[in-house]
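Here is the structure we will look at.
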Amino acid sequence: MYLETFETIRKAIATATGRENPPLTDGGAHADFASTVAFDLAKERKKSPVQIAAEIAETLLQDPALRNIRVSTTGPYINFNTGGDFIRQTLSRAIRPGYGNLPAQPVRIVLEHTSANPNGPLHVGHIRNTIIGDTLARSFRKAGHPVEVQYYVNDMGRQIAIVVWGFTHLDSAPREGEKGDHHVARVYIAANREIERDPGIVAGVDRFMQKVEEGDAETVSLFRTAVSECLDGFRETLARLNARHDRFVWESDFIRNGDTSRVIARLKQQEECHEDGRLWIDLSAAGFEKEYVLRRSDGTTVYAARDLAYHIWKGRNFDRVIDVLGADHKLIGSQLIATLKLLGEQPPEIVHFEFVSLPEGAMSTRAGKFVSADELIDEVTRRAYDEVTARRDDLDEGARRAIARSVAIAAIRYDIVKISPEKSTVFDWEEALDFERQSGPYIQYAHARACSILGKAGDFEPAFSLSMESEIALAKHIAKFPWVLTNSVRDLRPHLIATYARELADLFNVFYQFEPVLKSEGEIRNSRLTLVLATKNTLREALETLGIDALATM
RNA sequence: GGGCUUGUGGCUUAGCCAGGAUAGAGCGCCGGGCUUCUAACCCGGAUGUCGGGGGUUCGAAUCCCUCCAGGCCCGCCA
């Protein structure tokens with residue numbers, strides 16, 4: 001209803017002013033919608049903005065399209081306020097399941113996220129990628145797009161060759177109950193320590209890289225075994241986080257199927273391509289002074305070459321290609337885009353996020369300096385279990401454990417997604433373990449409260465008579481959900497959903513505090529129950545978009 | 001050194017791309033509220049040179065320039 005009303009008002013102002021795309025914004029504290037068009041017209045009409053606003057408002061009052069909207073002015077501002085009709089239509093939509101779903105779109109999206117190197121467990125930096133990516137994927141699906149989520153498996157890089165060297169040269173048996181990714185990390189860290197002691201080992205690592213690229217069966221098998229073991233660990237962690245990939249795409253496939261050779265052959269036709277032992281692209285015309293190297297002088301390809309092949313494949317099979325990458329990939333990402341443009345292929349849209357570091361400094365898998373996602377989830381779950389147990393001694397242990405798992409993931413996902421991606425952060429245990437305001441559990445709690453009321457209410461007839469300030473504020477916020485979702489996918493900014501959900505919970509809690517639902521009667525009771533149902537649905541949809549379980553009780 | 005990016009109350013942060021009406025929140029602090037629909041809650045209070053300076057504009061946290069501080073990048077790594 002918000003989107004439609006916005007459009008109606010925008011068109012009315014356009015007609016009244018002759019401006020094609022007049023300014024219209026959310027009215028914030030002053031109104032539901034507001035326009036500053038009078039400022040724009042002041043110069044050409046040679047009148048004061050205040051006078052112009054009054055004249056436009058006069059015209060708008062005659063517009064039958066705005067008969068349900070109150071038009072007023074405050075000085076130069078033209079304000080628009082909706083009424084009962086808007087609330088009735090909003091709530092009647094919001095009490096139906098799937099509220100916020102936008103009409104189906106034909107634009108197919110491929111979204112790549114996480115894609116961490118399989119040389120150790122996902123840590124708290126990687127899962128920022130996961131959570132941003134998974135939330136975006138969920139948002140696009142809710143916005144009506146077919147989405148395929150991919151994990152690009154870097155299964156033939158130097159890091160993996162080091163892991164393989166470790167597996168073949170060091171004592172590398174897994175420990176009792178050790179998860180695959182943690183096992184691989186242990187071997188990787190040990191191998192790096194050896195290399196530090198004896199740099200001669202690098203030659204052996206190089207040989208592994210050459211042999212895997214040649215397709216030497218035994219080497220390929222060694223790589224695949226190590227990578228698979230790590231990936232199995234990733235899958236478990238990702239599942240705990242409620243993040244799902246539709247497909248794992250193996251980098252080496254683009255060597256084996258010839259795509260990488262083909263893209264290099266195509267690039268050789270370009271004048272920007274240079275060969276002097278190695279093969280590289282001169283992107284200086286696009287503003288890059290660094291050479292973009294695709295093939296080493298020993299004939300093996302560099303990551304960038306395989307990535308080009310991968311992106312060409314994605315671009316040809318999907319309408320939009322979206323990658324979620326760390327800020328450290330900004331340069332290489334721009335080079336990738338520039339090169340794809342050179343070839344006339346579809347470049348990706350890249351969502352970059354800044355680094356998560358530890359209080360003591362940057363994380364490093366190689367040095368073993370990181371907080372793994374598994375540790376984080378375990379610790380937050382423990383804490384959540386204690387909380388649930390303290391509050392709900394009426395529930396059995398199984399139920400408490402299930403709630404704790406959901407609460408923990410809510411806390412983690414929300415804590416990460418609520419921050420704008422361009423902000424670098426320092427991991428903080430205290431914040432991760434906070435379940436109070438501006439947290440995922442806080443929003444879950446509002447949902448559980450709504451469920452509790454509805455569970456006790458029994459059947460009721462939908463009604464739409466709201467008059468209290470807290471009721472109206474809540475209903476009007478519910479109306480904004482589809483608009484927020486639209487903005488979120490348009491700008492590729494999932495944290496907008498996070499902010500919205502929190503505000504919705506805030507408004508519901510205020511309503512809850514001041515307006516009794518079950519103890520009210522007749523039309524008021526039905527109206528409040530309708531509002532609670534609409535809130536519950538909207539909270540649920542928003543939480544699900546954030547990958548957070550909408551718990552009925554907690 | 002060059003490029004990208006961030007800088008908003010003690011701490012964390014929204015708003016910035018698409019400039020407008022008293023800069024929103026949370027934590028922490030102070031003071032209130034559970035015989036009442038789940039207090040993981042709510043209400044009130046104190047706390048701000050929106051990093052500094054200059055400019056554009058009727059109007060700048062928002063756009064431009066410059067300086068300062070932090071982060072990232074500048075590999076025949078990924």
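Chain letters run A, B, ... following the sequence lines, proteins first and then strands; every chain starts at 1. Hydrogens, waters and symmetry mates play no part in the numbers below; they use all other heavy atoms, side chains included. Not measured: the values here are computed from a predicted model.
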Looking for any heavy atom pair under 4.0 Å, which part of the strands does [X] touch: base, sugar-phosphate only, or nothing?
X	value
Ala552(A)	base
Asn79(A)	base
Thr553(A)	base
Ala446(A)	nothing
Arg278(A)	base
Gln335(A)	nothing
His329(A)	base
Arg295(A)	nothing
Val532(A)	nothing
Val302(A)	sugar-phosphate

Tell me the interatomic distance from [X], atom [atom1], to [N], atom [atom2], rounded to whole angstroms.
X	N	atom1	atom2	value
His447(A)	C37(B)	NE2	C1'	16 Å
Tyr512(A)	C43(B)	OH	P	14 Å
Gln210(A)	C76(B)	CD	P	16 Å
Glu251(A)	A78(B)	CD	P	7 Å
Tyr414(A)	C27(B)	OH	P	13 Å
Trp280(A)	G75(B)	CH2	P	14 Å
Lys418(A)	A14(B)	NZ	P	10 Å
Ile419(A)	G26(B)	CD1	P	15 Å

Exercise for the section: Specify the residue among Asp328(A) and Asp506(A) whose closest nucleotide of RNA chain B lies further upstream toward the 5′ end. Expected result: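 Of the two residues, Asp506(A) wins.
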Practice task
Between Thr25(A) and Ile332(A), just flag the one whose closest nucleotide in RNA chain B comes earlier from the 5' side.
Solution key: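 Taking each residue's closest nucleotide, the earlier one in sequence belongs to Thr25(A).
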Choosing from [options], which nucleotide comes nearest the side chain of [X]?
X	options	value
Arg306(A)	G15(B), A78(B), C76(B)	A78(B)
Leu518(A)	A21(B), C37(B), C41(B)	C37(B)
Lys456(A)	C42(B), C76(B), C37(B)	C37(B)
Leu331(A)	C74(B), A78(B), C41(B)	C74(B)
Tyr303(A)	C43(B), A78(B), G15(B)	A78(B)

Using the [atom1] atom in both, what is the distance from [N] to [M], to the nearest Å?
N	M	atom1	result
C42(B)	C4(B)	P	43 Å
A69(B)	G52(B)	P	15 Å
A14(B)	A23(B)	C1'	10 Å
G53(B)	G32(B)	P	41 Å

Handout entry: Footprint string (nucleotides 55-64 of chain B, 5' to 3'): B base within contact, S backbone only, - free, heavy atoms under 4.0 Å
Key = ---B------
Give me, pair by pair, the N or O atoms of the protein and of nucleotides 17-19 of chain B that are less than 3.5 Å apart, along with how far apart they are.
residue : atom : partner   : partner atom : Å
A18(B)  : N6   : Arg490(A) : NH2          : 3.0
A18(B)  : N6   : Asp491(A) : OD2          : 3.1
A18(B)  : N1   : Arg490(A) : NH2          : 3.2

Exercise for the section: Using the ring-ring contact (aromatic ring centres under 6.0 Å, His included) rule, collect all pairs that involve residues 408-431 of chain A, keeping only residues at least two apart or in two chains. Expected result: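 Found Phe427(A)-Trp429(A).
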Problem - Glu214(A) and Arg207(A) ion-paired at < 4.0 Å - result: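 No, Glu214(A) and Arg207(A) are not salt-bridged.
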Problem - Cation-pi check, Arg366(A) onto Tyr188(A) ring (under 6.0 Å, within 45° of axis) - result: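 Pair Arg366(A)/Tyr188(A) does not count as cation-pi.
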With the criterion being N/O to N/O and under 3.5 Å, what pairs connect the protein with nucleotides 2-8 of chain B, and how long is each?
residue : atom : partner   : partner atom : Å
C4(B)   : O2'  : Lys330(A) : NZ           : 3.3
G7(B)   : OP1  : Lys423(A) : NZ           : 3.1

Could you list the donor-acceptor pairs under 3.5 angstrom formed between side-chain atoms of residues 43-55 of chain A and any protein atom two or more places apart in sequence or on another chain?
residue  : atom : partner  : partner atom : Å
Glu44(A) : OE1  : Arg19(A) : NH2          : 2.7
Lys47(A) : NZ   : Glu55(A) : OE1          : 3.4
Lys47(A) : NZ   : Glu55(A) : OE2          : 3.1
Ser48(A) : OG   : Gln51(A) : N            : 3.1

Problem - Neighbour count >12 (heavy atoms, 6.0 Å) for atom CZ, Arg278(A) - result: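 Result for CZ/Arg278(A): enclosed.
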Handout entry: U13(B) OP1/OP2 closer than 4.0 Å to side-chain N/O of Ser420(A)
Key =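 False: Ser420(A) side-chain N/O out of range (4.0 Å or more) of U13(B) OP1/OP2.
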Practice task
Check whether any side-chain nitrogen or oxygen of Arg437(A) sits under 4.0 Å from OP1 or OP2 of G28(B), and answer yes or no.
Solution key: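 No.
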Counterpart residues, ring pair (Phe, Tyr, Trp, His ring centres under 6.0 Å), relative to [X] (two or more places apart):
X	result
Phe248(A)	Tyr151(A), His245(A)
Phe39(A)	Tyr77(A)
His274(A)	Trp280(A)
Phe6(A)	Phe33(A)

Exercise for the section: Measure from the ring center of His447(A) to the ring center of Phe508(A) and say whether it is less than 6.0 Å. Expected result: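 Between His447(A) and Phe508(A), the centre distance exceeds or equals 6.0 Å.
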Identify all side-chain donor-acceptor contacts of residues 154-161 of chain A below 3.5 Å with residues at least two apart in sequence or on another chain.
residue   : atom : partner   : partner atom : Å
Asp155(A) : OD1  : Glu251(A) : N            : 3.4
Asp155(A) : OD1  : Ser252(A) : N            : 2.9
Asp155(A) : OD2  : Ser252(A) : OG           : 2.5
Arg158(A) : NH1  : Asp206(A) : OD1          : 3.0
Arg158(A) : NH2  : Asp206(A) : OD1          : 2.9

Practice task
Tell me, with the steps shown, if Glu112(A) and Lys314(A) meet salt bridge (Lys or Arg N to Asp or Glu O under 4.0 Å).
Solution key: CA-CA 10 Å; Glu112(A) 178 201 338; Lys314(A) 288 199 281 191; 2.9 Å; yes
Exercise for the section: Check if the side chain of Ser452(A) and the base of C37(B) share a donor-acceptor pair of N or O atoms closer than 3.5 Å. Expected result: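 Side chain to base: no pair present.
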Exercise for the section: With sequence neighbours left out, write down each residue that passes side chain to side chain contact (heavy atoms under 4.5 Å, CB included) with Thr74(A), or none if nothing qualifies. Expected result: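 Scan of Thr74(A) (side chain to side chain contact (heavy atoms under 4.5 Å, CB included), adjacent residues dropped) gives Asn79(A).
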Problem - Residue list, side chain to side chain contact (heavy atoms under 4.5 Å, CB included) with Ile95(A), at least two apart or on another chain - result: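 Applying side chain to side chain contact (heavy atoms under 4.5 Å, CB included) to Ile95(A) gives Pro462(A), Thr530(A), Leu533(A), Ala534(A).
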